[in-house]
Amino acid sequence: MKTEAQSAADAAEIRRILAVHVAGLHDKNLEAAMAHIAADILCYDLAPPLVSRGADIYRRNLEAWFPTWDGPIDYQAADLEITLGEDVAFTTGVSRIGGRKIDGEAIGVWVRVTAGFRKIGGRWTLTHEHVSVPYYMDGRLKAAVDLRPA
């Protein structure tokens with residue numbers, strides 16, 4: 001059974017890992033963004049395909065995505081909640097992805113993010129990531145990229 005101190009330390013470590021990941025995305029720093037990614041990470045990402053598995057694919061996706069931005073990526077996490085178990089944890093929240101694309105278009109969209117972690121060899125590792133946007137269910141199947149947190 002975890003003590004309060006262990007739970008607090010685990011939550012702080014997961015927050016630190018996410019901060020490193022977000023900073024890596026912001027700076028387009030591949031090594032920082034990959035620092036805590038599990039070899040077999042399972043991703044449900046915004047870009048196709050529907051499902052991808054593996055750090056190699058995750059890395060290739062970031063390598064393709066980073067150059068599409070002119071300057072840093074404005075990546076902000078909000079409303080983070082952490083649920084901890086002995087060796088499994090997950091986080092939920094929303095994040096804003098924004099900045100200027102290389103074609104000059106300014107983008108800013110809020111997405112939903114759920115991340116799963118496992119403690120492997122005493123170290124928390126990101127093993128699952130699900131990033132999504134809702135869509136309007138009025139028959140158009142249009143992504144609801146105009147939504148903002150309440």
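No hydrogens, no waters, no symmetry mates; every other heavy atom, side chains included, goes into these values.
Separating the SG atom in Cys43 from the CD1 atom in Ile57 is a distance of 9.0 Å, to the nearest 0.5 Å. With values rounded to the nearest 0.5 angstrom, Asp10 atom CG is found 5.5 Å from Leu84 atom CG. The distance from atom CG of Leu126 to atom CD1 of Ile41, rounded to the nearest 0.5 Å, is 4.0 Å. In this structure, Ile97 CD1 and Trp69 CH2 are separated by 7.0 Å, a value rounded to the nearest 0.5 Å. Remark: Trp110 CH2 to Arg148 CZ distance equals 8.5 Å, nearest 0.5 Å. Within the model, atoms NZ of Lys119 and CD1 of Ile14 stand 8.5 Å from one another, a figure rounded to the nearest 0.5 Å.
A continuous path of hydrophobic side-chain contacts links Ile73 to Leu62 [ILVMFWY only; heavy atoms under 4.5 Å]. Under a hydrophobic-cluster definition in which Ile, Leu, Val, Met, Phe, Trp and Tyr are linked whenever side-chain heavy atoms come within less than 4.5 Å, directly or via other members, Tyr75 and Met34 are assigned to the same cluster. One hydrophobic cluster, built from ILVMFWY side chains closer than 4.5 Å, holds both Val131 and Leu25. In terms of hydrophobic clustering, with Ile, Leu, Val, Met, Phe, Trp and Tyr side chains grouped at heavy-atom distances under 4.5 Å, Val109 and Trp65 are assigned to a common cluster. Trp124 and Phe90 are assigned to two separate hydrophobic clusters, defined by single-linkage of ILVMFWY side chains at heavy-atom distances under 4.5 Å.
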- Task: Check step by step if salt bridge (charged side-chain N to carboxylate O under 4.0 Å, His left out) holds for Arg16 and Glu13.
- Result: CA-CA 5 Å; Arg16 187 193 68 75; Glu13 178 63 7; 2.8 Å; yes

- Given the rule in the salt bridge (charged side-chain N to carboxylate O under 4.0 Å, His left out) test, do Asp138 and Arg140 qualify, once you have shown the distances and angles that lead to the verdict? CA-CA 6 Å; Asp138 58 4; Arg140 295 178 293 153; 2.7 Å; yes

- Message: Is there a side-chain contact (heavy atoms from CB on, under 4.5 Å) between Ser52 and Tyr58? Walk through the geometry before answering.
- Response: CA-CA 8 Å; Ser52 67; Tyr58 196 94; over 6 Å; no

- Starting from the C-alpha separation in whole Å, work towards a yes-or-no answer on side-chain contact (heavy atoms from CB on, under 4.5 Å) for Ile37 and His21. CA-CA 9 Å; Ile37 301 296; His21 188 71; 4.1 Å; yes

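Remark: of the listed residues Asn29, Asp27, Leu30, Leu30 is the sole one forming a side chain to side chain contact (heavy atoms under 4.5 Å, CB included) with Phe66. Val111 pairs in a side chain to side chain contact (heavy atoms under 4.5 Å, CB included) with only one of the listed residues (Asp45, Val94, Val133), which is Val133.
For Tyr135, the OH atom counts as loosely surrounded, since its 6.0 Å shell holds 12 or fewer non-hydrogen atoms of other residues, nucleotides or ligands. Crowding of Glu81 atom CD: a count of heavy atoms from other residues, nucleotides or ligands under 6.0 Å not exceeding 12.
Closest of all the heavy-atom pairs between Leu80 and Arg15 is CD2-NH1, 3.4 Å.
At distances below 3.5 Å, not a single donor-acceptor pair connects side-chain atoms of Lys28 with backbone N or O atoms of Pro72. Counting only distance, with no hydrogens or angles, the side chain of Arg53 and the backbone of Leu42 share no donor-acceptor pair below 3.5 Å.
Checked by atom type, the side-chain pair His128/Arg118 shows no donor-acceptor distance below 3.5 Å. Between Gln76 and Asp74, the side chains place a donor N or O and an acceptor N or O closer than 3.5 Å (distance only, hydrogens not considered).
Ring-plane geometry between His130 and Tyr44 is classed as tilted, the angle between the planes lying from 30 to 60 degrees on a 0 to 90 degree scale.
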